[in-house]
Each structure stands twice: as C-alpha cells, then as structure tokens.
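Heads up: the structure comes next, in structure tokens.
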Amino acid sequence: MDIRVGHGYDVHRLCEGRALILGGVNIPYSMGLLGHSDADVLLHAVSDALLGACGLGDIGQHFPDTDPAYEGADSLMLLRKVVSLVHESGYRVGNIDATIVAQRPKLMKDLPQMQKNIADACAVDAQRVNIKATTEEKLGFTGRGEGISAHCVALILAD
Ligand code: MG
C-alpha cells in the first residue's frame with residue numbers, strides 16, 4: 001500500500017459585514033472571515049493538506065484569488081474538486097485531522113456538521129474526519145480576535 005501525508009495551514013482576517021463559514025457551516029457571529037472566496041479557512045487547510053499529499057501544490061495555484069470565477073466561491077465545491085484530483089492521482093482519502101484556532105465564537109456544537117460536510121466531500125465515513133477547535137489563550141492574532149487560523153494533516157492511500 002502506498003501512503004502519503006500532507007499538511008495544510010491557512011489564516012483569514014475577521015471583519016464585520018461578512019458571514020462566518022467554517023467547514024461549510026454558517027455560524028452565527030458578529031463578524032466573518034475576509035477573502036476572495038467564502039474564506040472558509042478550515043476547508044482551505046483541508047484542501048491544501050490533500051493537495052500537498054498528492055504533490056499538487058496548493059489551492060492558490062488551482063483556484064487563484066485573481067480569478068473572478070472564484071469570487072464568493074463555495075469552498076466545499078473547491079474541496080470536492082480537490083478530492084477529484086486526489087482520485088485522478090490514483091489515491092483515496094485515508095483520514096483527516098484538523099484544528100481550528102479561534103478565540104471566539106465557541107464552535108463545539110458545530111464540529112459534527114463540519115465533520116460530516118468534509119467527510120461527504122471526501123467520499124469517506126465521518127469517522128475518518130476529526131475536527132477540533134481551540135483558543136490560543138488570548139495570545140497573538142487569533143487570541144485578539146483579529147483572525148482565525150486552521151491546521152490540517154491528511155493521509156491519502158493507494159492500494
Ligand atoms: Mg484561504
């Protein structure tokens with residue numbers, strides 16, 4: 001069996017007047033993430049981990065933020081395109097483990113839906129996707145509530 005690992009990391013700035021979408025879940029909050037697409041920082045980290053595992057660069061190369069086609073883009077759609085690239089490369093998703101770093105809002109109750117959305121997009125059982133959320137103890141840009149970051153590792157497999 002051929003097993004490969006990939007890592008993804010992303011940051012988006014929080015601002016007023018934007019929806020907060022994490023893992024494809026619209027989360028009620030006074031601010032949202034700024035970006036060319038829907039700025040779903042979690043799905044961007046997951047997508048980058050999968051592309052990294054395949055040796056296919058990053059989402060900025062595949063879906064440039066200078067391309068009007070991706071303005072306001074649904075990042076779940078982008079993730080499905082990334083998973084198609086994984087499959088075309090001869091691999092399937094083994095498992096995904098990701099962490100969202102956000103001082104606010106509390107995300108615990110939304111994690112199961114994020115897990116389901118990502119598992120569906122990756123064509124795997126939900127038990128192969130693990131999503132965590134943590135604060136950074138009020139330290140740094142996440143701690144000050146200026147932005148949200150996400151980290152992800154992903155394994156892909158070929159028989
Ligand atoms: Mg991003």
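Each ligand, and each atom within it, is numbered from 1 in the order the structure gives. In this text the structure is predicted, and so the values were computed from the model without any measurement.
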message: Students often mix this up, so state it plainly: with edges at 30° and 60°, are the rings of H151 and H7 parallel, tilted or perpendicular?
response: tilted
- prompt: Nearest to the Mg ion (ligand 1), which N, O or S atom of H44 do we find?
  reply: ND1
task: Provide the atom name of the closest N, O or S atom of D10 relative to the Mg ion (ligand 1).
output: OD2
message: Is D40 close enough to the Mg ion (ligand 1) that one of its N, O or S atoms comes in under 2.8 Å?
response: no
field: Electrostatic pair D120-R80, nearest N-O below 4.0 angstrom
entry: no
- request: Please step through side-chain contact (heavy atoms from CB on, under 4.5 Å) for the pair T135 and T142, ending with a clear verdict.
  value: CA-CA 8 Å; T135 72; T142 61; over 6 Å; no
Candidate pair D38 and L43, rule side-chain contact (heavy atoms from CB on, under 4.5 Å), full reasoning: CA-CA 10 Å; D38 63 8; L43 295 189; 5.8 Å; no
